[in-house]
S.K.: 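Structure below; questions to follow.
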Amino acid sequence: MSNKKKQMVMPRKMREVIAMFDLFMGYYALGLACFMGEEPLPCREDLALMITYATRGNEDAGRVDGGERTPYAQTMLEKAETVEGLIEYFGGIEVFRQSFNFFAKLENEACAKSSGRVNRYDLLRDLSSVGGNRFPSVGSVSFQYHISSRNMQEKKTSALHQIARDIYYKRLGNGSKK
């Protein structure tokens with residue numbers, strides 16, 4: 001008998017939300033702060049640069065069969081529109097902030113009932129600030145929480161999945177399906 005974890009298929013839009021969170025955590029100096037309500041959403045240029053850095057080396061740059069090159073400004077705008085479009089698809093930045101705030105409340109309540117439990121909201125906030133003075137590396141975050149890097153990654157993943165699921169179901173609950 002196998003103890004393998006069952007593989008689940010997640011809806012495409014939920015995967016896109018999680019990928020967007022990973023993009024912000026990996027390529028934006030303020031991490032998830034704009035979703036946590038601490039900062040405004042980055043401007044289009046910053047969004048486009050984040051996507052450019054994240055996909056560097058994965059894009060085919062150049063002409064196709066002698067066609068024209070896409071102007072830089074148009075390319076940047078199109079990249080930013082993918083993130084903005086996803087946020088708007090789910091009802092705007094306030095929906096994301098509500099889900100993050102709800103998740104923070106759940107985590108605070110769970111941690112109050114169980115001593116020694118890692119608050120995953122705080123963990124996301126701290127992982128979002130890696131590279132700054134407080135947490136120069138991911139290892140310094142895992143050291144602060146007294147957990148292994150693998151355990152920290154699992155907690156981060158489960159937290160992002162829970163938040164993305166809440167955002168996804170809020171849209172379904174509003175009766176708007178596309």
Side-chain angles (χ1 to χ4, degrees), residues 1-42 46-47 50-51 53-56 58 82-83 86-87 89-173:
M1 188 165 184
S2 176
N3 287 337
K4 284 187 178 181
K5 188 174 181 181
K6 181 171 70 170
Q7 295 294 315
M8 303 280 283
V9 176
M10 185 181 306
R12 180 178 56 88
K13 286 294 185 185
M14 273 178 65
R15 290 192 311 268
E16 289 176 9
V17 169
I18 292 166
M20 179 181 64
F21 292 155
D22 284 334
L23 174 74
F24 274 75
M25 289 183 80
Y27 294 94
Y28 190 53
L30 301 176
L32 298 173
C34 61
F35 299 110
M36 294 175 166
E38 299 165 4
E39 294 290 332
L41 195 63
D46 289 346
L47 291 172
M50 288 166 36
I51 296 168
Y53 295 154
T55 59
R56 189 173 289 162
N58 296 332
T82 59
V83 172
L86 184 62
I87 292 170
Y89 176 83
F90 286 103
I93 191 68
E94 283 308 314
V95 171
F96 285 76
R97 289 179 177 157
Q98 289 169 6
S99 291
F100 269 86
N101 288 335
F102 180 68
F103 181 72
K105 182 180 175 184
L106 290 177
E107 285 297 296
N108 287 335
E109 289 173 3
C111 288
K113 292 178 184 175
S114 173
S115 68
R117 185 179 192 280
V118 171
N119 184 314
R120 295 178 298 158
Y121 181 83
D122 290 345
L123 179 66
L124 287 178
R125 188 191 59 238
D126 291 342
L127 284 171
S128 289
S129 64
V130 166
N133 292 335
R134 185 165 176 221
F135 296 110
S137 68
V138 173
S140 60
V141 177
S142 82
F143 181 78
Q144 172 75 24
Y145 283 88
H146 308 288
I147 57 176
S148 68
S149 294
R150 181 178 178 179
N151 191 355
M152 182 176 63
Q153 181 63 34
E154 289 169 353
K155 289 183 183 308
K156 171 193 159 197
T157 299
S158 69
L160 293 179
H161 283 214
Q162 186 172 343
I163 294 166
R165 185 179 301 114
D166 185 59
I167 292 166
Y168 183 81
Y169 283 123
K170 278 182 180 171
R171 185 171 198 287
L172 289 180

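As the structure is a computational prediction, the values presented were derived from the model and not from experiment.
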S.K.: If only atom types and distance count, is the side chain of R15 paired as donor or acceptor with the main-chain N or O of M10 below 3.5 Å?
M.R.: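 Yes, the answer is positive, given that a donor and an acceptor are paired below the 3.5 Å cut-off.
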S.K.: Only pairs at least two apart or in different chains count here, so list each salt bridge (charged side-chain N to carboxylate O under 4.0 Å, His left out) that has a residue in residues 129-146.
M.R.: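 Only D126-R134 qualify under salt bridge (charged side-chain N to carboxylate O under 4.0 Å, His left out).
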S.K.: Please work out which of the three classes, parallel, tilted or perpendicular, describes the rings of F100 and F21, given edges at 30° and 60°.
M.R.: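 If you compare the ring of F21 with that of F100, the planes turn out perpendicular.
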S.K.: Would you say the side chain of R56 lies within less than 4.5 Å of the side chain of Y53, judging by non-hydrogen atoms?
M.R.: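 Yes - at least one pair of side-chain heavy atoms lies under 4.5 Å apart.
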S.K.: Taking the side chain as everything from C-beta on, heavy atoms only, tell me whether V138 gets closer than 4.5 Å to M152.
M.R.: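 Sidechains of M152 and V138: in contact.
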S.K.: Are the side chains of V83 and F24 in touch, meaning some heavy atoms are under 4.5 Å apart?
M.R.: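 Of all side-chain heavy-atom pairs linking F24 with V83, at least one is under 4.5 Å.
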S.K.: Which ring-ring contact (aromatic ring centres under 6.0 Å, His included) pairs, counting each pair once, include a residue from residues 104-160, with sequence neighbours left out?
M.R.: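 Residue pairs with at least one partner in residues 104-160: there are none.
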S.K.: Test salt bridge (charged side-chain N to carboxylate O under 4.0 Å, His left out) on R171 and D166; report intermediate values, then the result.
M.R.: CA-CA 9 Å; R171 185 171 198 287; D166 185 59; over 6 Å; no
S.K.: Taking all atoms of both residues into account, what is the closest heavy-atom pair of D122 and N119, and its distance?
M.R.: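 Between these two residues, the closest heavy atoms are N-OD1, 3.0 Å.
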S.K.: Could you tell me which non-hydrogen atom of I167 sits nearest to which non-hydrogen atom of V17, and how far apart they are?
M.R.: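 Reported closest heavy-atom pair: CD1-CG1, 4.4 Å.
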S.K.: Taking the side chain as every heavy atom from C-beta outward, state whether R125 and L32 have any atom pair closer than 4.5 Å.
M.R.: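 They are not in side-chain contact.
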S.K.: For I87 and I93, work out which heavy atoms get closest and say how close.
M.R.: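 Taking I87 first and I93 second, the nearest heavy atoms are CG2-N, 3.5 Å.
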S.K.: Say you draw a straight line from NE2 of H161 to OH of Y168; how long is it, rounded to the nearest 0.5 Å?
M.R.: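 Interatomic distance, H161 NE2 to Y168 OH, rounded to 0.5 Å: 14.5 Å.
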S.K.: Measure the shortest side-chain to side-chain distance between N101 and M36 over non-hydrogen atoms and say whether it is less than 4.5 angstrom.
M.R.: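 N101 vs M36: side chains apart.
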S.K.: Start with the C-alpha gap between E109 and K113, add the side-chain angles, then the distance that decides, and say whether salt bridge (charged side-chain N to carboxylate O under 4.0 Å, His left out) holds.
M.R.: CA-CA 6 Å; E109 289 173 3; K113 292 178 184 175; 5.6 Å; no
S.K.: Roughly how far apart are S129 OG and M25 CE, rounded to 0.5 Å?
M.R.: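 The OG atom of S129 sits 9.0 Å away from the CE atom of M25.
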S.K.: Rounded to the nearest 0.5 Å, what separation is found between the CD1 atom of I163 and the CG atom of L124?
M.R.: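 Atom-to-atom, I163:CD1 and L124:CG are 5.5 Å apart.
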S.K.: Kindly compute the distance separating CD (Q98) from CD (E94), expressed to the nearest 0.5 Å.
M.R.: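 Rounded to the nearest 0.5 Å, the CD-CD separation comes to 6.5 Å.
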S.K.: Under 3.5 Å, side chain of R97 to main-chain N/O of C34, donor-acceptor pair present?
M.R.: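 Yes.
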S.K.: With rounding to the nearest 0.5 angstrom, report the CG to NZ distance, L160 to K156.
M.R.: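 L160 CG to K156 NZ: 6.0 Å, rounded to 0.5 Å.
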S.K.: State whether Y89 and K13 meet the cation-pi test: NZ (Lys) or CZ (Arg) under 6.0 Å from the six-membered ring centroid, and within 45° of the perpendicular axis.
M.R.: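 Yes, cation above the ring, under 6.0 Å and within 45°.
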S.K.: R120 and Q162: which non-hydrogen atoms are nearest, and at how many Å?
M.R.: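 It is NH2-OE1, 2.7 Å.
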S.K.: Any donor and acceptor pair, going by atom type alone, linking the side chain of S114 with main-chain N or O of R117 inside 3.5 Å?
M.R.: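 A pair under 3.5 Å: no.
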S.K.: On a heavy-atom basis, which atom in M20 and which in F35 lie closest, and how many Å separate them?
M.R.: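 So the two residues come closest at CE-CZ, 3.8 Å.
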S.K.: If only atom types and distance count, is the side chain of D46 paired as donor or acceptor with the main-chain N or O of P42 below 3.5 Å?
M.R.: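 Not confirmed, D46 side chain does not pair with P42 backbone.
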S.K.: What distance separates E154 CD from I147 CD1, expressed to the nearest 0.5 Å?
M.R.: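 Answer for the CD-CD1 pair, E154 versus I147, is 9.5 Å.
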